[in-house]
Novice: 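My structure is below; once you've seen it, I'll send some questions.
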Amino acid sequence: MTKPYKLVSREFKQENTHINVGDAVFGNESLPVIAGPCAVESEKQVLAIAKSVKNAGAKLFRGGAFKPRTSPYSFQGLGKKGLIFLAKVRKETGLPIVTEAMDVENFDLVEEYADILQIGSRNMQNFSLLKRAGTSDRPVILKRGMSATLQEWLMAAEYILEQGNRNVILCERGIRTFVRHSRNTLDFSVVSAVKKESHLPIIIDPSHAAGVRDQVTPLAYAAAAFGADGVMIEVHNHPEKAMSDGAQSLYPEQFLTLMKKMTAIHTIVAKK
Ligand code: PEP
Ligand code: MN
């Protein structure tokens with residue numbers, strides 16, 4: 001082995017890792033879509049959004065119950081109550097749940113409710129959290145830190161695999177650059193770089209890269225064209241009243257249009 005990362009490297013494993021969750025497969029050239037609000041706000045809110053994203057073709061539902069916020073004065077999430085609402089969504093719609101585990105302290109609780117555990121950008125190098133995720137039997141979405149190199153990101157994934165959990169999905173969500181026209185800069189070139197270096201699936205989150213609604217749709221189309229293994233998109237039924245990330249959340253009708261066109265692009269690109 002010549003790479004600093006071992007278990008995550010193509011050198012170690014040539015075939016793509018396939019991760020099955022519900023109806024979705026990450027890593028087999030399909031394009032599973034994860035959609036939902038940034039944060040769980042109420043039972044009514046998540047059920048309404050879940051029904052519309054499911055009708056539009058989303059395969060998994062997202063929503064944070066524990067939210068890592070820049071300001072301590074911003075909404076921090078509903079905690080356990082939010083997880084209970086997410087369980088209701090799964091029961092009523094059949095959609096598997098993606099939700100963030102923010103710390104080791106609440107990990108057991110989040111793990112009980114989540115079908116996929118998310119580790120957020122701000123925690124990409126929280127090594128105790130990565131080790132704990134490595135002992136879980138649930139797949140993990142590992143978001144790229146906002147200033148992480150490809151090597152740092154893959155080393156973070158290595159922490160999880162090294163503890164025994166081989167089901168890691170990498171998620172590019174934009175990196176910090178000098179620009180002011182978007183919240184972050186979506187680093188598309190990392191998709192083929194990841195695929196060269198690693199067997200792990202890589203999905204794209206255009207919402208946190210864009211920061212504004214208008215930029216989300218074109219980035220999602222590009223994600224399909226770039227051969228991403230999935231897309232995660234924030235959708236809200238009343239984005240103007242959202243407790244977090246309202247400006248980048250799509251209206252359900254916009255999400256429906258996006259799904260139709262993105263699927264068409266994916267079909268062309270995936271054709272051998
Ligand atoms: C989120 O998914 O809502 C989130 C907080 O993402 P990130 O960690 O990429 O900022
Ligand atoms: Mn968000």
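The first residue of the sequence shown is numbered 1, and numbering continues consecutively from there. Start at 1 and go down the list; that is how both ligands and their atoms are numbered.
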Novice: Before accepting this row, confirm whether a basic side-chain N of the pair E158/K6 lies closer than 4.0 Å to the acidic partner's carboxylate O.
Specialist: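 Salt bridge: no.
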Novice: Check this for me: does any side-chain nitrogen of one of E162 and K131 sit under 4.0 Å from a carboxylate oxygen of the other?
Specialist: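 Here E162 does not pair with K131 in a salt bridge, since their nearest N and O are not under 4.0 Å apart.
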Novice: Quick test: of every protein heavy atom, which one is nearest to atom 4 (C) of ligand 1, and how far off is it to 0.1 Å?
Specialist: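 Nearest protein contact, heavy atoms only, for atom 4 (C) of ligand 1 is H208 NE2, 3.4 Å.
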Novice: Which of the atoms in ligand 1, numbered in the order shown and given with their element, are less than 4.0 Å from a heavy-atom of G120?
Specialist: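 Close to G120: 8 (O).
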Novice: Mind checking whether R144 has a heavy atom under 4.0 Å from ligand 1?
Specialist: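 It does not; every heavy atom stays at 4.0 Å or beyond.
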Novice: Identify the closest protein heavy atom to atom 8 (O) of ligand 1: which residue and atom is it, and at what distance?
Specialist: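 Nearest protein contact, heavy atoms only, for atom 8 (O) of ligand 1 is S121 N, 2.8 Å.
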Novice: Taking C-beta and beyond as the side chain, do V194 and H199 meet within less than 4.5 Å on heavy atoms?
Specialist: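 SC-SC contact between V194 and H199 ruled out.
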Novice: Please state which part of M146 comes within less than 4.0 Å of ligand 1, counting heavy atoms only: side chain, backbone, both or neither.
Specialist: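 It is neither; nothing of M146 touches ligand 1.
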Novice: Tell me which protein heavy atom sits closest to atom 6 (O) of ligand 1, plus the residue, atom name and distance to 0.1 Å.
Specialist: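 Closest protein heavy atom to atom 6 (O) of ligand 1: K143 NZ, 2.9 Å.
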Novice: Of all the heavy-atom pairs spanning V46 and F61, show the shortest one and how long it is.
Specialist: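 V46 and F61 have their closest heavy atoms at O-CZ, 3.7 Å.
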Novice: With a 4.0 Å cut-off on N to O distance, would you call D205 and R144 a salt bridge?
Specialist: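 No, this pair does not count.
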Novice: Are any of the side-chain heavy atoms of P139 and I141 separated by less than 4.5 Å?
Specialist: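 Side chain of P139 against side chain of I141, heavy atoms only: no contact under 4.5 Å found.
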Novice: For ligand 1, indicate whether the residue M232 contacts it via side chain, backbone, both or neither (heavy-atom separation under 4.0 Å).
Specialist: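 Neither part.
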Novice: Minimum distance, heavy atoms only, to atom 3 (O) of ligand 1: which one of E100, K67, E172 is it?
Specialist: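 Closest candidate by heavy-atom distance is K67.
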Novice: Mark up the atoms of ligand 1 that fall under 4.0 Å of a heavy atom belonging to R122, in ascending order.
Specialist: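 Contacts of ligand 1 toward R122, numbered from 1: 7 (P), 8 (O), 10 (O).
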Novice: Would you mind naming the N, O or S atom of D245 nearest to the Mn ion (ligand 2)?
Specialist: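 Among the N, O or S atoms of D245, the one closest to the Mn ion (ligand 2) is OD2.
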Novice: Salt bridge or not for E111 and R132, using N-O below 4.0 Å?
Specialist: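 Here E111 pairs with R132 in a salt bridge, since their nearest N and O are under 4.0 Å apart.
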Novice: With heavy-atom distances below 4.0 Å as the criterion, list the atoms of ligand 1 near E234.
Specialist: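 Matching atoms, with element in brackets: 3 (O).
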Novice: Hey, what's the angle at the Mn ion (ligand 2) spanning OE2 (E234) and NE2 (H208), nearest 10 degrees?
Specialist: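 An angle of 90° at the metal.
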Novice: Hydrophobic cluster membership, with links at side-chain heavy-atom distances under 4.5 Å among I/L/V/M/F/W/Y: are M102 and I97 in one?
Specialist: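 The answer is yes; both residues are in one hydrophobic cluster.
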Novice: Can you tell whether the side chains of R138 and D115 come within less than 4.0 Å, N to carboxylate O?
Specialist: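 Salt bridge between R138 and D115, a charged N being under 4.0 Å from a carboxylate O: no.
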Novice: Looking only at distances, please establish whether an N/O atom of ligand 1 is found under 3.5 Å from an N/O atom of R62.
Specialist: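 Yes, since at least one N or O of R62 sits under 3.5 Å from an N or O of ligand 1.
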